[in-house]
Structure formats: C-alpha cells, structure tokens
Amino acid sequence: MIDIKRIRENPNAVAERLNSRQGKDGHRIAELLELDERRRKLLSEVEDLKALRNKASKEIGSLMAQGKRDEAEARKAEVREQGDRITVIDAQVKEIDGLRDEVLLALPNLPHESVPVGKDEHDNPELRQWGEKPSFDFEPKPHTDLCESLGLIDFKRGAKLSGSGFLLYTGMGARLERALAQFLLDLHTGEHGYTEVSPPYVVQRDCMVGVGQFPKFVDQAYAVQEGLDESTRGNLYLIPTAEAPVANIHREEILREDELPKYYCAFSPCFRAEAGAAGVGTRGMIRVHQFEKVELIKVVKPEHGYDELEKMTANAEKVLQLLGLHYRVILLCTGDMGFASAKTYDIEVWAPGQNSFLEVSSCSNCEDYQSRRMNLRYKSEAGTVFPHLLNGSGTALARLFVALIETHQRADGSIRVPEPLRPYMKTDVIAV
RNA sequence: GGAGGGGUGGCAGAGUGGUCGAAUGCGGCGGUCUUGAAAACCGCUUUCCGGGCAACUGGAACGGGGGUUCGAAUCCCUCCCCCUCCGCCA
C-alpha cells in the first residue's frame, strides 16, 4: 500500500499519479486525508487520557500498598469515568482505522517516474525485439491442430473432466510440459542464482492481500472449502500464481540487511477463475483456468530495485533465447499496469500459428507496495526499511508450449525439439 | 479425530493482578585491559503509532481477537499455531 505519510506530504502528486492509472482513484485522497486527520486528533486525545489513567493507577497501587484503602477507593471511582471515555474513543479510532485501511488497500501502486502515461495497451512502447519471425515454406499450423495430430493434449477430455479451460496433457505433451518446467528451474537456479522453493498451492487470505490480489480481485480466485462445511470456505484460496505464497515467505519479518538480496524461484500450477473473460480468445490453451508457471521473486534493497528488475527481465528473456523463440519486450504504460506494480515489462513471444505475440512473462518491481502490505522489513543503519519486492514469470508454460510447437513445427507435422530441451525430452523430435 | 502439555525480546528461559517492556544466561554491538587475540570487567542491545526542528516526550505491543479491573504477560472467553501420546490415512 501507499505510505500514508507520503500521502500526507504530497497529496496532489499522489492523486495525479493515481489518476494516470485505469482506476482513476485520485479522488479518494481527500477522503483519506480527512480520515487521517480525524484519527490523529482522536489519538492525541485518548493518549492523553491514557497517560492520566496510567499515572492514577500507579498512585492507587501505592495507596493500596500503604494500606490507605479509602483514598484508593475514592481515586478508583474518579478514574473509572475516564476509563469509559477511553473505551468510547478507542472504538472510534478503531473504526477510522478500518475505514482508512479499506481505502488504502483499495488503491493501486503509484507508477514509477520512468513509466509512460498512457490509456491502455495501445500506448505501451515496444523496447526491443530478439530474433526474427520464423519463415515457413508451408502453412504453419496452430497449436490446436498440432496438439491434436501429435496427441499432445486431449482438449475434449480435459473439458469433460473439469470444464472448459482445463487441459489434459497426454504422452509427449505431458512430457514436454514437465521438460519445460525442469529446464526452467535448472536454468534459473543453476545460471541465474535463484533458490528453488516449492510452495503450497493454497494460501490464506492475508497472503492474497499481501501481494495485492485482495481485496480487489477476489472474484478472480478460486476459494476452497472443506467438504460441505461452508464455514471453512475462503479460509484458503488456490494460488493464481506462485507469487502469492513465495513473495509472502518473509511476511511479518524483519530481515538483517546482509540477508538481502533474496532470489526465489518456484514452479507451481496457477489457478485463475477468469471471471468475465469467457469467450474472449479462449480457444486452445492460450487462456485457461489452470496453467503451470515458473515464477521468479526477489527481495532487494530499494536502491537496487530497478537494476534488479532489468536483471530479472533478462533472466526471463534468456529462456526464449535458449529455445530459439522470437520475442519482443514491452514497457507497460500507466493505463495498462498491474495493480501492485510500479513498473512492468511484458515479454511477448511470437506464435506463428496465431500470427501474433503471446504474453509469456510479466516482470514487475512493486517497490515497497507489497512489503508494506505484508509488513516485511529489513534492518539497516538508517532504521527499518521496507524492501522492494519484484516478481516475474520465468515463464508461463502453456503459452511457451504454444510458441514452441508452433515455431519448431516442420512440414511433415513433426516438431523439432530445441537443443537445451533434448536431455529432458530424451528425443530430438516429437512425431506421430 | 481423542487425551495431555505449551506459545514471553535474536535464541534459551524466569515471571501467575500494581514502577514488568519485562529477571537471568547466551549471542550481538561499543568500551577498559592487551603488542594482537582470548579471558575478565563495564555499558548498550525490540517494534509500531502520535507530538516536537531537535534533545526528547506520550501511547501501544508478552501467539490473534474479545472480556473482567483503577490497573493484565499474569484472571476469564474464543480462535490460531507448536509439541507428546493414541486413532485414522497418503
């Protein structure tokens, strides 16, 4: 969340920055300032009363010790009235705290100054491309055809089992998915210095709030419940990304400065309800309710946040380079950024069968927005500091799968397995 | 799921209604001593929120929440987590 002190000090600048985002939440700043002022006024009043009460209580204590019962009783009656007022004001402060936090948690992060102001995805500048669109001397097939003919995915039965948007990988398809996961984990742990973690696939509400998924995007999550006991529903949620558990690993902790930076890398399935997205580009495996992903997470000092973002993006790009896939890197404008992010690069891979680019990675620096939400800090000479939290896909597997088979398909309908994947696939070709 | 035990500062571990934010030990930081180091000795060593330019000052926090009381780490209720034993199970 945004630091309330920052809002206090620069309300207009914050409001303006908020208004550059799609939510246009700038108008809520005035509301926040008003709550903040009321809160502080009540606080100083109630704290003065508490100071008096603390003093009186000590006096009563010593009167009792001296055996002056009557005096003590008289004093008690006096203080009791004050106590009632304290109870009332405490309740008011608590209520205002609740209102304030509600607003604060509903506000997205402020875009970094290097992020261009824009309305939507059409305003995202393209930063670079790598490689070239592959050329074919035949009509490249879409992945749906390839999956069907090579028996990689059984779309029909996937839908039979779990409904539309769920995939049943079969044979070499299942192996390719597993090979990709292992290749990515080995790359990031072996070459890029990340520590592998294998997190729970369900998390508590607090974790979802911590990364900024909740409260705003509850409708995008799958809530689980124990059997038919509805009272347990919403205690746990299926993770929409490994970011939810992994970024929260150190929530509520104070780390030592020399523990930073921390690099984590996690493979996990991701579950997304995709409410409201039905029918929009849902064919095949491009938008599904469950997909696998290798996620990268960094906890770093604020002064390194943006260097680390560049490095993380390069780590994700490396994946596509090694697999020989053409891609481009895009900088998201203010109007297209994710809720918690201050700056985001999207990496889009070319999918010849779709004749379009597919987003396979989104690398973001959330600055201290998430660390504040989860109360993650580290101790430095200067005091306790909220670190920057970064997350990036390294990468999503379903779409990588699509780009891979569409790019490396051959005229005879087979797929060439790129060199780095061969040890995992134990073959250099996927054929009928 | 059943029975019992327990959650206190970085760690260990006292404290069962009144200067307890918390004894003591370990660890850590600074100092004395020493050519240097060790040992010994002395001091310091949590976090959050207000007020103040600041020195400083007020409040809050002993797993979470609620209650009793002038006053709660201490008493009561409730939830969570951990440990031991039994049952069940991958």
Side-chain angles (χ1 to χ4, degrees), chain A residues 1-9 32-101 103-105 198 200-210 224-237 245 248-260 368 371-387:
Chain A
M1 60 178 99
I2 306 169
D3 186 0
I4 186 74
K5 286 178 191 150
R6 187 169 169 188
I7 295 173
R8 233 178 256 158
E9 283 155 23
L32 220 37
L33 287 175
E34 196 256 329
L35 287 170
D36 184 52
E37 201 161 318
R38 262 168 66 203
R39 177 178 175 277
R40 281 189 294 164
K41 215 171 145 195
L42 288 170
L43 256 191
S44 71
E45 189 182 341
V46 79
E47 283 178 1
D48 286 350
L49 286 173
K50 283 181 182 174
L52 288 173
R53 182 179 69 182
N54 287 345
K55 218 173 133 208
S57 290
K58 279 181 185 170
E59 284 166 19
I60 292 170
S62 71
L63 287 175
M64 297 285 274
Q66 292 165 40
K68 297 178 180 169
R69 279 228 120 77
D70 296 345
E71 275 181 59
E73 287 302 327
R75 209 79 181 78
K76 276 192 198 181
E78 217 173 282
V79 180
R80 195 171 299 146
E81 283 173 39
Q82 269 176 12
D84 293 343
R85 285 199 61 204
I86 289 173
T87 308
V88 170
I89 301 175
D90 266 346
Q92 287 173 348
V93 170
K94 206 174 163 186
E95 192 195 338
I96 291 174
D97 277 347
L99 292 171
R100 185 191 64 170
D101 290 348
V103 179
L104 237 26
L105 289 174
S198 179
Y201 298 157
V202 290
V203 291
Q204 300 185 357
R205 162 177 253 101
D206 284 350
C207 288
M208 296 291 261
V209 172
V224 303
Q225 97 179 15
E226 291 173 30
L228 295 176
D229 183 354
E230 292 187 12
S231 72
T232 63
R233 187 193 299 156
N235 287 347
L236 294 170
Y237 296 85
N248 277 288
I249 287 176
H250 299 290
R251 76 184 337 262
E252 312 276 353
E253 290 184 26
I254 300 176
L255 300 171
R256 291 192 322 272
E257 189 167 19
D258 63 19
E259 290 180 87
L260 299 182
D368 60 2
S371 50
R372 281 180 190 282
R373 284 178 162 246
M374 57 182 71
N375 206 19
L376 160 60
R377 293 154 296 168
Y378 72 92
K379 195 169 213 160
S380 79
E381 295 264 319
T384 52
V385 180
F386 290 99

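Just so we're on the same page: letters track the sequence lines, and every chain starts at 1.
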How far, in whole Å, is [M] from [N] if one measures between their [atom1] atoms?
{"N": "B:C75", "M": "B:G17", "atom1": "P", "value": "8 Å"}
{"N": "B:A12", "M": "B:G18", "atom1": "P", "value": "27 Å"}
{"N": "B:U8", "M": "B:G13", "atom1": "P", "value": "9 Å"}
{"N": "B:A22", "M": "B:G5", "atom1": "P", "value": "32 Å"}
{"N": "B:G65", "M": "B:A60", "atom1": "C1'", "value": "16 Å"}
{"N": "B:C81", "M": "B:C89", "atom1": "P", "value": "23 Å"}
{"N": "B:C82", "M": "B:A72", "atom1": "P", "value": "30 Å"}
{"N": "B:U32", "M": "B:G36", "atom1": "C1'", "value": "16 Å"}

For [N], does OP1 or OP2 lie under 4.0 Å from any side-chain N or O of [X]?
{"X": "A:K379", "N": "B:U46", "answer": "no"}
{"X": "A:R377", "N": "B:U47", "answer": "no"}
{"X": "A:T384", "N": "B:C48", "answer": "yes"}

Which atom of [X] lies closest to which atom of [Y], heavy atoms considered:
{"X": "A:N375", "Y": "A:R377", "result": "OD1-NE, 3.3 Å"}
{"X": "A:R251", "Y": "A:D206", "result": "NH2-O, 3.0 Å"}
{"X": "A:K379", "Y": "A:E257", "result": "O-CB, 3.3 Å"}

Of A:R53 and A:M64, whose nearest nucleotide on RNA chain B comes first from the 5' end?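 In this pair, the answer is A:M64.
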Assuming nearest nucleotide by heavy-atom distance, tell me which of A:L43 and A:V46 is located more 5' along RNA chain B. A:L43
With no hydrogens and no angle check, just 3.5 Å: does a side-chain donor-acceptor pair link A:Y378 and A:R256? no
Apply the side chain to side chain contact (heavy atoms under 4.5 Å, CB included) test between A:I86 and each candidate in A:I89, A:V88, A:D90; give the one that qualifies.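 Running side chain to side chain contact (heavy atoms under 4.5 Å, CB included) over A:I89, A:V88, A:D90 with A:I86 returns exactly one hit, A:D90.
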A:V224 side chain near A:R233 side chain, heavy-atom distance below 4.5 Å: no
What's the [atom1]-[atom2] distance between [X] and [N], to the nearest Å?
{"X": "A:D90", "N": "B:G67", "atom1": "CG", "atom2": "P", "result": "10 Å"}
{"X": "A:L255", "N": "B:U47", "atom1": "CG", "atom2": "P", "result": "13 Å"}
{"X": "A:D229", "N": "B:G1", "atom1": "CG", "atom2": "P", "result": "11 Å"}

Checking A:R373 side chain against A:V209 main chain: does a donor-acceptor pair fall under 3.5 Å? yes
Runs of at least three consecutive Watson-Crick or G-U pairs, both distances under 3.5 Å, are what I'm after; which ones involve RNA chain B?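 The stems that RNA chain B takes part in, listed by first number, are B:1-7 with B:80-86, B:10-12 with B:24-26, B:27-32 with B:40-45, B:46-51 with B:56-61, B:63-67 with B:75-79.
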What does A:R256 touch in the nucleic acid at a heavy-atom separation under 4.0 angstrom: a base, only the sugar-phosphate, or nothing?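 Nothing, no nucleic acid heavy atom in range.
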